[in-house]
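Data block below; observations after.
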Number of protein chains: 2
Amino acid sequence: MNLKSLAEALGLSQTTVSRALNGYPEVSEATRKRVEEAAVRFGYRPNSRAKGLATGRAMLIGQVIPTSTQHEMVNPVFGDFVAGASQNLAQHGYDMLLTRVPGDDEGKVYREFRARGAVDGVIIQAPDVKDDRIALLNRIGLPFIVHGRSTGVTEPYSWVDVNNTQAFRRATEFLLQLGHRRIALINGLERMDFAFRRRKGYIQALENAGLSADPQLMCTDEMTEQFGYMKTRRMLAFEDPPTAFLCASMISAVGIRRALQEAQLVMGRDVSVIIHDDDLSYLRNGEEIPIFTATRSSVRHAGEVLADALMQLISDPDHPPINQLLEAQLVVGSSTGPAPLKAARLPS
Amino acid sequence: MNLKSLAEALGLSQTTVSRALNGYPEVSEATRKRVEEAAVRFGYRPNSRAKGLATGRAMLIGQVIPTSTQHEMVNPVFGDFVAGASQNLAQHGYDMLLTRVPGDDEGKVYREFRARGAVDGVIIQAPDVKDDRIALLNRIGLPFIVHGRSTGVTEPYSWVDVNNTQAFRRATEFLLQLGHRRIALINGLERMDFAFRRRKGYIQALENAGLSADPQLMCTDEMTEQFGYMKTRRMLAFEDPPTAFLCASMISAVGIRRALQEAQLVMGRDVSVIIHDDDLSYLRNGEEIPIFTATRSSVRHAGEVLADALMQLISDPDHPPINQLLEAQLVVGSSTGPAPLKAARLPS
DNA sequence: TGGGCCTCCCAAAGCGCTTTAAATTTTCTC
DNA sequence: GAGAAAATTTAAAGCGCTTTGGGAGGCCCA
């Protein structure tokens, strides 16, 4: 059933039927009723592509599946983020278009999006420090918003980000207050902006306390369970091991826990751990009492906020860039406690 | 730059330019060269919607974001599956269209897809036992393929599935061979087909060994860490506790491990654990020596296989249903060992 | 009674592409 | 070198929708 046959069945012109269904005022209420009823009865729905061609809008938001180039690892945050974002996109009639990057030229995808008119806007995930996608998108004039920020990019752009620096500064301060002096940082890849900022916050807190960061206690890699496990084992064997770990990911923290328990150490007593918790729906940090003390910020909520902002940007092309900084909560769980008098140490 | 201006710039008709770019034979090689060069030079790319309208194809595959209705939990497998599927879809020029379900009527989404011509095909995730989406899609005639199967659905349909029954039968047999007699099953939601089949395999193995399944040792819920933890604690406090756990998910198994270590029990010595491992990129089961003995089957690979099958179904509307059963590997890690002479037990 | 002004509806153009049917040019064949 | 056949190219229709620019009545007022 298309517009033409619906119009014929009603004995009306396509114009009138189209207007009736799209809420234009030049149609009498009686006619509109009649049209709407018929549309439901015949199960008429306007063809997406025809409508898009006529209106010039795709009603789609593009997104590249965020896989690390190194191990083709899919960002574990992706599912929840997408769930949040598309929920709010859907409220505006938008769907999400997902694509893989052939080779490693993500810029090519965006140029294609633009040239083909395939999407009306784009979401950028996991920006690096000095991410060049931002300049590209500004240049080609495709509406976009970044989930995260990019240190070093000076031109204006829209973003929704968690205050990572602040979160990790607070978390570090919290550990310092508990008497910890040797605090390890198990960080994500520091070419990524969020990890860069977290380290910054960590170092700031240490320096404010008159301490300097020990390079041996800072490590950075993809946030796997294995990574947390290996680094914890190694650091616990140091002459002067850390008494606390600050960890950028719930998943790596599971590895930390494994290493600690293997070493017969009790988390929160022998060694303290604070994590950043994206509040992933499939990996919740405990219901009432969190397992881990954490800086918490729901990535799903970030998706919702970001989607709303993008909808604004698209509906008003002259809208100035939207910047929204979300603060992380510091929730106290059972993985932290006062620094032990004598640091636990593993034989190397 | 659109087709018209490109044709004008070349002094050719739109027809010829279109044909040249789409590889039709009625164009001289010289002309084709000239057209292709100009297309690159001007950065011409055909408009997606216009092309779609003319050809009647959307070049999009629809998918509903798989969230459990209960806790809005996003299937943790989603990211990796999508990465696999869209990689192979992309090879055929297809992208993925993601949408949320407004309310709880997923069928409505598929009818919309069909009526609007928004997508050329659909991927169904996480089918239930007797899933009614299959009948609906067959009825409305939208090409689709199921990731998983649906016990109780008799009409033909296309699917790609892991041999869950076999995997869990083998895993159970393996534990039986190690001397375990009290084997717990920490299963996913058993209204879902994969969980239903896994239980079936588990029970078959027990019965083949002349044992009957103890309802107390079987539990089913959403596969969270918390779930694994709680159930393990509870079961270890039984009069006659299990000496082995069979767990449907890596994530719940992390909870099992937490409970065991809290109880000072050594996995693989005091208690054995086998998991199903979807080989998620962000939650790998160890590099050389797997942490967990597991029935392993890459969900990303399943996505690739499924995408190829769907491409076939779409290119040939008369293609008979494609059914592909993937076997899971049984990989032995360090979480299993001979049954202890005396079962470890927690004070209740 | 006629003109002006609403209200409601319609014909047709246009969005940017593919494809059918036909026209033109080139190449053979004898 | 004429005529047929083959190779190229083109004009125009069509995909299904929105939207522009009118147009037909009906109503009101002078």
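In this text, all values refer to a predicted model and were calculated from it rather than measured experimentally. For the numbers below, each heavy atom of this structure counts, side chains included, while hydrogens, waters and symmetry mates do not. Chain letters run A, B, ... following the sequence lines, proteins first, then strands; residues in each count from 1.
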Judged by each residue's nearest nucleotide on DNA chain D, which is more toward the 5′ side, B/V27 or B/T55?
B/V27
Take the protein atom OH of B/Y24 and the nucleotide atom P of D/dT10, then report the distance between them rounded to whole Å.
17 Å
Backbone N or O of B/S5 within a donor-acceptor pair of the B/N2 side chain at under 3.5 Å?
yes
Main-chain N/O of A/R114 paired with B/R45 side-chain donor or acceptor, under 3.5 Å:
no
Just to verify, which of A/F81, A/Y157, A/F194 counts as forming a ring pair (Phe, Tyr, Trp, His ring centres under 6.0 Å) with A/H147?
A/F81
How many Å lie between CG on B/L12 and C1' on D/dT10, as a whole number?
10 Å
Report the distance from atom CD of A/E26 to atom P of D/dG23, rounded to the nearest whole Å.
17 Å
Please state how far atom NZ in B/K4 lies from atom P in D/dT10, giving the value in whole angstrom units.
15 Å
Take atom CZ of A/R57 as the centre, draw a 6.0 Å sphere, and report whether it contains more than 12 heavy atoms from other residues, nucleotides or ligands.
no
Rounded to whole angstrom units, what separation is found between the CG atom of B/L3 and the P atom of D/dA11?
13 Å
Considering only heavy atoms of chain A and a distance under 4.0 Å, specify the first and last nucleotide of DNA chain C in 5' to 3' order that meet this criterion.
C/dC8 to C/dG16
Closer to the 5' end of DNA chain C via nearest nucleotide, is it B/P46 or B/R19?
B/P46
Sugar-phosphate only, base, or nothing, as touched by B/S18 at under 4.0 Å among non-hydrogen atoms:
base
Looking at B/R32 and B/E29, does any basic side-chain N land under 4.0 Å from a carboxylate oxygen?
yes
Does any non-hydrogen side-chain atom of B/V299 lie less than 4.5 Å from one of B/D279?
no
For B/N75 and A/Y282, which I'm curious about, is there any donor-acceptor pair between the side chains at under 3.5 Å?
no
Roughly, in whole Å, what's the span from CZ in B/R32 to P in D/dT9?
10 Å
Mapping B/A54 and A/A50 onto DNA chain C by nearest heavy atom, which one lands closer to the 5' end?
A/A50
With no angle test and no hydrogens, is the base of D/dT19 tied to the side chain of A/T15 by a donor-acceptor pair under 3.5 Å?
yes
With a non-hydrogen cut-off below 4.0 angstrom, is B/R49 in contact with a base, only sugar-phosphate, or nothing?
nothing
